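Following: one structure in structure tokens, then a few remarks.
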Amino acid sequence: MKKKKIFIVTGARPNFMKAAPLIKEFKKNSNFNHVLVHTGQHYDKQMSEYFFDDLGLPEPDIYLGVGSGTHGVQTGNIMIEFEKVCFSEKPDLILVVGDVNSTVACAIVAAKLFTPVGHIEAGLRSFDRTMPEEINRVLTDQISDYLFTTCRDADRNLIEEGICAEKIHFVGNVMIDTLLSNIEKSNKSNILEKLNLKEKNKIRKYALLTLHRPSNVDDEKVLRDILKALKRISRELPVIFPAHPRTLKQIRKFKLEEIMSYCENISHCELNFQVQDILALPPIGYHDFQCLMSHAKIVLTDSGGIQEETTILQVPCLTIRNNTERPVTITEGTNIIVGNDADRIINTALRVLKDGVKRKKIPEYWDGKAAERIVEILRSRL
Ligand code: UD1
């Protein structure tokens, strides 16, 4: 029997940890010939290559080299380049993950060539159409043939949007597959020592911050208010801030550098515990970040995936947004929505630092076997 050719599409940083467990499962299964496609949406070493190395991902089989641009330019360029590859390679199925521009661009190309599309992490909804990711999610789900979901509320969202139940498969969370299979390696990271956060086996208290959403970093007042709130929190404990390149650009553009210290090279960072501060760093690799997250007293973020990872690690997470497409992290996990108002961020953080958050439970099927379930479904259907 001819092997089925499966494209696994990645493009941006949060995609790589979702692709890794799928590749591992496809390798075990002789029915499939998998092809790893990287659109090049993220291209800096720190945003892409480091993750391939950390996660043991093979070099992409196909690299489209598309790069940055406005939404129209980036999405359009990915479509143009991806269509050429589909014509020459003729895949039997295209798997897209998450909600970035690469996800929707490749799903549209596939659907118009009548190639079946599988969307991993389908059905998540913030119900906020000002988020580019929400547009990407809704459109990708509408044209996908296999919708693999991480939680029951995603199934309900899809049914309400008229998607037929036979296409929906509740399989769990591939990002958690990666987190669980990498715990040992993450524990071996020496980032705590490098940042002077560990001395003689004693780990100091610190907060961990990430920030990159356009709604938080593109407006000067909003970004200034958030950073001022963090500055206040840094009087209680130092704030470690691995910063996304677009956030660093905005901080420089708005001349907000004086609110924090910036350390260009992590190997030469000397965190001075006499001066409480926000310490901004360049983006860091997967294991270093997981290690920092698992030992943090509190995580403050506008990322989607980090809300899920902190739920598994049972670390309090304050989400600097007005909504989340991952409500299960609030009802079952450690997540609290705080918006971007400075007083609310400060007051909630101080309360959480004093009282902690109630530990709840691990969401259903976030057990490290999501990719296994996906590949089994594809094996039985294709
Ligand atoms: C994208 C995703 C977002 C995801 C995030 C994770 C979309 C619409 N957004 O946002 O959902 O949470 O990735 O990081 O797809 N840049 C670099 N180097 C890089 C990549 C980007 O410097 O390797 C800078 C460029 O200035 C670029 C900007 O970051 O213009 C934004 O990159 P882009 O891929 O458009 O969106 P992200 O903000 O990274």
Side-chain angles (χ1 to χ4, degrees), residues 9-19 37-55 60 63-79 81-82 96-108 119-122 124-126 128-140 175 178 209-219 222-223 241-254 264 280-286 289 299 301-309 317 319-321 323-326 329:
V9 174
T10 60
R13 183 169 60 176
N15 294 161
F16 307 133
M17 46 290 237
K18 294 170 193 165
V37 180
H38 186 333
T39 65
Q41 175 173 346
H42 283 177
Y43 41 85
D44 281 349
K45 276 194 174 173
Q46 294 155 332
M47 300 295 283
S48 176
E49 207 178 303
Y50 288 3
F51 283 79
F52 272 69
D53 293 347
D54 272 7
L55 298 169
Y63 185 72
L64 304 179
V66 168
S68 298
T70 59
H71 285 277
V73 166
Q74 187 175 61
T75 310
N77 284 340
I78 297 169
M79 288 178 70
E81 295 308 316
F82 188 63
V96 295
V97 297
D99 54 15
V100 302
N101 285 344
S102 300
T103 311
V104 71
C106 295
I108 292 174
H119 183 203
I120 289 157
E121 212 180 70
L124 298 182
R125 296 288 180 270
S126 63
D128 172 3
R129 295 249 171 138
T130 64
M131 270 182 97
E133 294 81 3
E134 184 75 353
I135 308 290
N136 296 345
R137 293 180 199 118
V138 171
L139 296 182
T140 305
M175 213 183 54
T178 299
L209 168 70
T210 81
L211 214 54
H212 75 282
R213 297 261 159 233
S215 56
N216 282 337
V217 306
D218 286 358
D219 180 278
V222 172
L223 182 56
F241 178 28
H244 188 291
R246 71 176 289 148
T247 311
L248 281 178
K249 261 187 218 165
Q250 297 299 83
I251 287 171
R252 290 189 184 117
K253 182 171 147 197
F254 301 142
E264 189 99 43
L281 311 169
I284 57 175
Y286 183 78
F289 190 77
V299 173
T301 189
D302 60 6
S303 148
I306 292 172
Q307 299 170 47
E308 298 180 338
E309 290 168 335
C317 175
T319 295
I320 305 178
R321 285 172 47 189
N323 50 54
T324 178
E325 61 289 335
R326 292 163 161 90
T329 60

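Whatever order the structure lists them in is the order used to number ligands and atoms, beginning at 1. The basis for the numbers below is simple: all heavy atoms, side chains too, and nothing from hydrogens, waters or symmetry mates. On a predicted model such as this, the values are computed, not experimentally measured, just so you know.
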Margin query: Under 4.0 Å from a heavy atom of Gln74: which atoms of ligand 1 are those, numbered in the order shown and with their elements?
Written below: 34 (O), 35 (O)
Note to self: Checking a contact table here: which protein heavy atom is nearest atom 28 (C) of ligand 1, and how many Å away?
What the structure shows: Arg246 CB, 3.8 Å
Next item on the list: Give the residue, atom name and distance (to 0.1 Å) of the protein heavy atom nearest atom 8 (C) of ligand 1.
Entry: Asn101 OD1, 3.3 Å
Check: Which atoms from ligand 1 have a heavy atom of Pro14 less than 4.0 Å away?
Finding: 6 (C)
Checklist line | Proximal ligand 1 atoms for His212, defined as those under 4.0 Å from one of its heavy atoms | finding: 4 (C), 5 (C), 6 (C), 12 (O)
Check: So does Arg326 pair up with Glu121, basic N to acidic O under 4.0 Å?
Finding: yes
Check: In the protein, what heavy atom is nearest to atom 14 (O) of ligand 1, and what distance, to one decimal place, separates them?
Finding: His42 CE1, 3.1 Å
Item checked: Any Gln46 heavy atom less than 4.0 Å to ligand 1 -> no
Checklist line | Distance-only donor-acceptor check, side chains Thr39 and Tyr63, under 3.5 Å | finding: no
Item checked: Sub-4.5 Å side-chain heavy-atom contact between Val299 and Ile306 -> yes
Note to self: Would His244 and Thr210 count as a side-chain hydrogen bond (donor to acceptor under 3.5 Å, both in side chains) here? Give the steps.
What the structure shows: CA-CA 8 Å; His244 188 291; Thr210 81; over 6 Å; no
Item checked: With Asn136, the side chain to side chain donor-acceptor pair (under 3.5 Å) member among Thr103, Asn101, Thr75 -> Asn101
Check: Is there side-chain contact between Val66 and Phe82, with at least one heavy-atom pair below 4.5 Å?
Finding: no
Note to self: Show the atoms of ligand 1 that are less than 4.0 angstrom away from any heavy atom in His71.
What the structure shows: 8 (C)
Check: Should the proximity of Ser102 to ligand 1, defined as any heavy atom under 4.0 Å, be assigned to the side chain, the backbone, both, or neither?
Finding: neither
Checklist line | atom 18 (N) of ligand 1 [closest protein heavy-atom partner, distance rounded to 0.1 Å] | finding: Asp44 OD2, 2.9 Å
Notebook entry, point to check: Are Asp128 and Arg321 close enough for a salt bridge, meaning some N to O gap below 4.0 Å?
Noted result: no
Next item on the list: Could you tell me which atoms of ligand 1, counted from 1 in the order shown, lie closer than 4.0 angstrom to a heavy atom of Lys249?
Entry: 25 (C), 26 (O)
Check: Looking at atom 2 (C) of ligand 1, what's its closest protein heavy atom, distance included?
Finding: Val100 CG1, 3.6 Å
Notebook entry, point to check: Is it true that Phe16 and Phe52 have ring centroids separated by less than 6.0 Å?
Noted result: yes
Next item on the list: Just jot down the ligand 1 atoms closer than 4.0 angstrom to any heavy atom of Pro245, in number order.
Entry: 17 (C), 18 (N), 22 (O)
Check: Is there a donor-acceptor contact under 3.5 Å linking the side chains of Thr329 and Glu308?
Finding: no
Notebook entry, point to check: Between Gln74 and Ser68, does any side-chain donor sit less than 3.5 Å from a side-chain acceptor?
Noted result: no
Checklist line | Which residue and heavy atom of the protein sit nearest atom 9 (N) of ligand 1, plus the separation | finding: Glu133 OE2, 3.5 Å
Check: So Arg213 and Asp218, salt bridge (Lys or Arg N to Asp or Glu O under 4.0 Å) or not? Walk me through it.
Finding: CA-CA 8 Å; Arg213 297 261 159 233; Asp218 286 358; over 6 Å; no
Margin query: Evaluate Asn136 for polar contact with ligand 1, using N/O atom pairs at a separation under 3.5 Å.
Written below: no
Margin query: Can you report which non-hydrogen protein atom sits closest to atom 19 (C) of ligand 1, along with the distance?
Written below: Tyr43 CZ, 3.6 Å
Item checked: ligand 1 atoms in contact with Ser68 (distance to a heavy atom under 4.0 Å) -> 21 (C), 25 (C), 27 (C), 30 (O)
Next item on the list: Note the single closest protein heavy atom to atom 34 (O) of ligand 1, along with its residue, its atom name and the distance in Å.
Entry: Gln41 NE2, 3.1 Å
Item checked: Salt bridge flag under 4.0 Å for residues Arg137 and Asp99 -> yes
Note to self: Heavy-atom distances under 4.0 Å decide this one: backbone, side chain, both or neither, for Met47 against ligand 1?
What the structure shows: side chain
